[in-house]
Amino acid sequence: MSSRSYNQEMEYLTRISDCCWRIKKGFVPNMQVEGLFYVNKNLEYLMLEELRNSCRNQGFGGFLPGVKQIANVAALPGIVKASIGLPDLHSGYGFAIGNMAAFDMSNPESVVSPGGVGFDINCGVRLIRTNLTEKDVSPVKEQLAQALFDHIPVGVGSKGVIPMGSKELEEALEMGMDWSLREGYAWAEDKEHCEEYGRMLQADPTKVSARAKKRGLPQLGTLGAGNHYAEIQVVDDIYDRHTAQKMGIERKGQICVMVHSGSRGFGHQVATDALVQMEKAMKRDNIAVNDRQLACARIHSQEGQDYLKAMAAAANFAWVNRSSMTFLTRQAFAKQFHSTPDDLDMHVIYDVSHNIAKVEEHMVDGKQKTLLVHRKGSTRAFPPHHPLIPVDYQLTGQPVLIGGTMGTCSYVLTGTDKGMEETFGTTCHGAGRALSRAKSRRNLDYQTVLDKLAGQGISIRVASPKLVMEEAPESYKNVTDVVDTCHAAGISKKAIKLRPIAVIKG
């Protein structure tokens, strides 16, 4: 930890607009570019208080404050423009969660870092609409919550119900949602409304360890634990009627389902395996980093390419996982309402990735560049007319799904041209933690949290009581602050607000 005082640290930070700060070079050693972070007044206080506490040496359980992590990423070889922190930023492994960075593919020094993707590779959110209203669901809300809880396996050790042997797993890793489609667990149009059409083509299951496959095999089609959830939500507000209609959202009170999950133990193992290889590659290639959690390898090295191929396989696993849970959600609703998913209009509005690295084309200093864009705890938010977004959303921009925490609202945003210029088409991903899990368990009471949710009219089904405290709204930043900051900064635009009425958690 730096021995500089808080005032000395603050000399390197300057506010450049109402919701954006710059971190000047020199804040940490070897910065190649500046850092930027987006905050409003409330979030600014949290960010700077974290820095103040670190200067007092109060410790962060081994984690650096978010501002320092943004700056350390700015020191990585090959980074272009800036290391960028979104308003939901909080300390993470290597990169902060809510930190994105892009690396020039034409620069032989440029690196890929598993810490810039995260352990839960392609953790993401999917939103499914229905033609039901709150009036239809309210009388059977408890039964519907229980049906979802019964259909979707949840919790740490949960096992999937989708039949899966090692041959099927290999195929799923390679094919992503094409596997789900072939096996009858997805609709053809689900793919259209998914980043990368639900399949990263460079996936190579041979680059994935036997241990990762063993961990992943029983977990396909499971929600998992932590901040993952399936939530029944009501359209609470519509800010952009035209955009909402393009998504099939016609009115307030309409029911949607949001599923938040990732690649489970499979992705975790892929990341763990890669970090071991990256440490060796760094020694061989003399790559120096400010924080050893930022272990990385040259993009074009064997280790770099092996990681990207294994990461793509984990991303495909996560898409198959969310597709399997979409299938189970459709079944639960159809059973409860004695109907079919088709008649209930249970179409996927969109599926976004939060933890992923992708090769993309962007303008840097007036020139088009091919970049490897790391998004960790952040969401791609491409503007209208971008060739990589579905035909349905060409005029509105890409839908961006921002999950709240248990008991708070979620949002749908759209991508903007300004976001493309400033943040490589990236925006926030959720609320972002304000308290560590351990602190949440110490500070909050299980029954109090449940009573509060009941008071808000929210049904909850949870596999583990301690998770209730860890995931309580008090543990997180205010998601409305986060979304309003992105909207005010112009890096994405508010379209729809969703309010939870039932939550299923691990």
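Note that this is a predicted model, so its numbers are computed, not measured. This chain uses plain numbering: 1 for the first residue, then up along the sequence.
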Just checking, any donor-acceptor pair under 3.5 angstrom between side chains of [X] and [Y]?
| X | Y | answer |
| --- | --- | --- |
| Tyr411 | Thr480 | yes |
| Thr448 | Asp451 | no |
| Asp204 | Thr206 | yes |
| Thr396 | Thr243 | no |

Does [X] [atom1] have over 12 foreign heavy atoms under 6.0 Å away?
| X | atom1 | result |
| --- | --- | --- |
| Lys452 | NZ | no |
| Arg211 | CZ | no |
| Asp150 | CG | yes |
| Glu174 | CD | no |

Does some side-chain heavy atom of [Y] sit less than 4.5 Å from a side-chain heavy atom of [X]?
| X | Y | value |
| --- | --- | --- |
| Glu196 | Trp319 | yes |
| His228 | Asp120 | yes |
| Ile504 | Val154 | yes |
| Leu413 | Ile402 | yes |
| His151 | Thr329 | no |
| Phe333 | Val257 | yes |
| Asn99 | Leu89 | yes |
| Val348 | Cys194 | no |

Using every non-hydrogen atom in the two residues, find where [X] and [Y] come nearest and quote the distance to one decimal.
| X | Y | result |
| --- | --- | --- |
| Gln69 | Ser91 | OE1-CA, 3.2 Å |
| Met247 | Arg129 | O-NH1, 3.2 Å |
| Asn316 | Met200 | OD1-N, 2.8 Å |
| Phe95 | Lys376 | O-NZ, 3.0 Å |
| Arg241 | Glu250 | NH1-O, 3.7 Å |
| Asn122 | Arg322 | O-NH1, 2.8 Å |

Centre of Trp187's six-membered ring, under 6.0 Å away, within 45 degrees of the axis: is that where NZ or CZ of Arg330 sits?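 Relative to the ring axis of Trp187, which defines the angle, Arg330 lies inside both limits.
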
Legend entry - Pi-cation contact, Tyr476 with Arg433 (under 6.0 Å, within 45°):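 Flagged: Arg433 positioned over aromatic ring of Tyr476.
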
From [atom1] ([X]) to [atom2] ([Y]), nearest 0.5 Å:
| X | Y | atom1 | atom2 | answer |
| --- | --- | --- | --- | --- |
| Met346 | Ser339 | CE | OG | 10.0 Å |
| Cys256 | His347 | SG | NE2 | 12.5 Å |
| Arg199 | Ser180 | CZ | OG | 11.5 Å |
| Ile128 | Leu344 | CD1 | CG | 12.0 Å |
| Ser324 | Phe317 | OG | CZ | 9.0 Å |
| Asp178 | Glu171 | CG | CD | 12.0 Å |

Would you check if the side chain of [X] reaches a backbone N or O of [Y] as a donor-acceptor pair within less than 3.5 Å?
| X | Y | answer |
| --- | --- | --- |
| Arg461 | Glu142 | yes |
| Ser261 | Leu223 | yes |
| Ser209 | Ala212 | yes |
| Gln336 | Val140 | no |
| Lys246 | Leu395 | no |
| Glu50 | Gly66 | yes |
| Ser138 | Lys135 | no |
| Thr222 | Lys159 | no |
| Gln398 | Pro383 | no |
| Thr408 | Gly404 | no |

Residues [X] and [Y] bridged, charged N to O under 4.0 Å:
| X | Y | result |
| --- | --- | --- |
| Asp237 | Lys497 | no |
| Glu195 | Lys358 | yes |
| Lys141 | Glu134 | no |
| Lys41 | Asp481 | no |
| Arg126 | Asp351 | yes |
| Lys493 | Asp240 | yes |

Any residue meeting salt bridge (Lys or Arg N to Asp or Glu O under 4.0 Å) with Glu422, in chain and number order, not counting sequence neighbours
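So Glu422 forms a salt bridge (Lys or Arg N to Asp or Glu O under 4.0 Å) with Lys418.
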
Report the residue from Ile496, Thr133, Val412 that forms a side-chain contact (heavy atoms from CB on, under 4.5 Å) with Val235.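 Single pass found, and it is Ile496.
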
Could you check whether the rings of Tyr229 and His260 sit parallel, tilted or perpendicular, using 30° and 60° as the cut-offs?
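Answer is perpendicular, since the angle exceeds 60°.
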
> Can the ring centroids of His193 and Tyr393 be said to lie less than 6.0 angstrom from one another?
Replying inline: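 Here the rings of Tyr393 and His193 have centres that are less than 6.0 Å from each other.
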
As a quick check of understanding, evaluate side chain to side chain donor-acceptor pair (under 3.5 Å) for Asp88 and His429, giving each step before the final call.
CA-CA 7 Å; Asp88 47 348; His429 88 304; 2.6 Å; yes

Practice problem: Let me see the working for Lys207 and Leu308 under side-chain contact (heavy atoms from CB on, under 4.5 Å), right down to the final yes or no. | Solution: CA-CA 9 Å; Lys207 302 299 182 188; Leu308 287 170; over 6 Å; no

- request: Assess whether side-chain contact (heavy atoms from CB on, under 4.5 Å) is satisfied between Tyr185 and Ile162, documenting all intermediate values.
  value: CA-CA 9 Å; Tyr185 298 118; Ile162 305 288; 3.6 Å; yes

